[in-house]
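Here the structure is laid out as structure tokens; the discussion comes afterwards.
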Amino acid sequence: MVRLERLRADHADALLAFERANRAYFARSIPDRGDAYFAEFTGRLAALLAEQDAGVCHFHVIKDDRDELVGRVNLVDVTDGTAELGYRVGESAAGRGVASAAVGEVCRLAETTYGLLSLTAVTTLDNLASRTVLERNAFTVTGDFTIGDRPGVRYARPF
């Protein structure tokens, strides 16, 4: 159904196209990345790849069965056996279990390949889809959180 690929430089064109195509869709539920993100994409991607090479982050693209890039799932700020999970799935793949499957796979990688002991994640209270994805993947609520000016919730998942 879905396949994760570790982020590479040759994903640049497909990743930028994905982000542009889904910008308005994402902005309905999470803060917009802003125009600078797109104008400086090449440099930002290089910085992400450097962070990944340093082992402080693990970035992945989500591909569907047609080899189309349909999302991203990332582990950032790797420190002391833990990392923060972040993910986004494009509008064309929403509601088909893609996010749940990708989060499940990155959790497996976090434990078995990256040697992490736990993950954290945050989402807004009104993002029921994201909350459902996290809860389906054994994340539990650990407290309240504010994302921008929106009320949110923090989750954790130990391994």
With a 4.5 Å heavy-atom cut-off, do [X] and [Y] have their side chains touching?
X	Y	answer
Ser100	Asn137	yes
Phe159	Leu119	yes
Asp64	Val98	no
Leu85	Leu134	yes
Glu84	Val122	yes
Leu109	Leu75	no
Asn74	Cys57	no
Tyr155	Glu135	yes

Would you say [X]'s side chain and [Y]'s backbone share a donor-acceptor pair under 3.5 angstrom?
X	Y	result
Glu105	Leu4	no
Arg131	Leu125	yes
Thr82	Ser118	yes

- Message: Using a 6.0 Å distance limit plus a 45 degree cone around the ring axis, check whether Arg88 lies over the aromatic ring of Phe26.
- Response: yes
For the student: nearest non-hydrogen atoms of [X] and [Y], plus distance:
X	Y	result
Phe41	Ala12	CE2-O, 3.6 Å
Ala102	Val2	N-CG2, 4.1 Å
Tyr87	Ser130	OH-OG, 2.7 Å

- Message: For Asp67, give me all partners under salt bridge (charged side-chain N to carboxylate O under 4.0 Å, His left out), at least two apart in sequence or on another chain.
- Response: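 For Asp67, the residues satisfying salt bridge (charged side-chain N to carboxylate O under 4.0 Å, His left out) (neighbours in sequence not counted) are Arg3, Lys63.
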- Candidate pair His11 and Leu45, rule side-chain contact (heavy atoms from CB on, under 4.5 Å), full reasoning: CA-CA 10 Å; His11 289 126; Leu45 180 59; over 6 Å; no
- Angle class for the His60/Tyr114 ring planes (parallel below 30°, perpendicular above 60°, tilted otherwise)? tilted
- Assess whether side-chain contact (heavy atoms from CB on, under 4.5 Å) is satisfied between Val103 and Phe139, documenting all intermediate values. CA-CA 11 Å; Val103 167; Phe139 282 81; 4.2 Å; yes
- Salt bridge between Arg44 and Glu19, side-chain N to carboxylate O under 4.0 Å?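 No salt bridge links Arg44 with Glu19.
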- Message: side chain to side chain donor-acceptor pair (under 3.5 Å), that's the test. Do Asp77 and Thr79 meet it? Break it down for me.
- Response: CA-CA 6 Å; Asp77 299 333; Thr79 308; over 6 Å; no
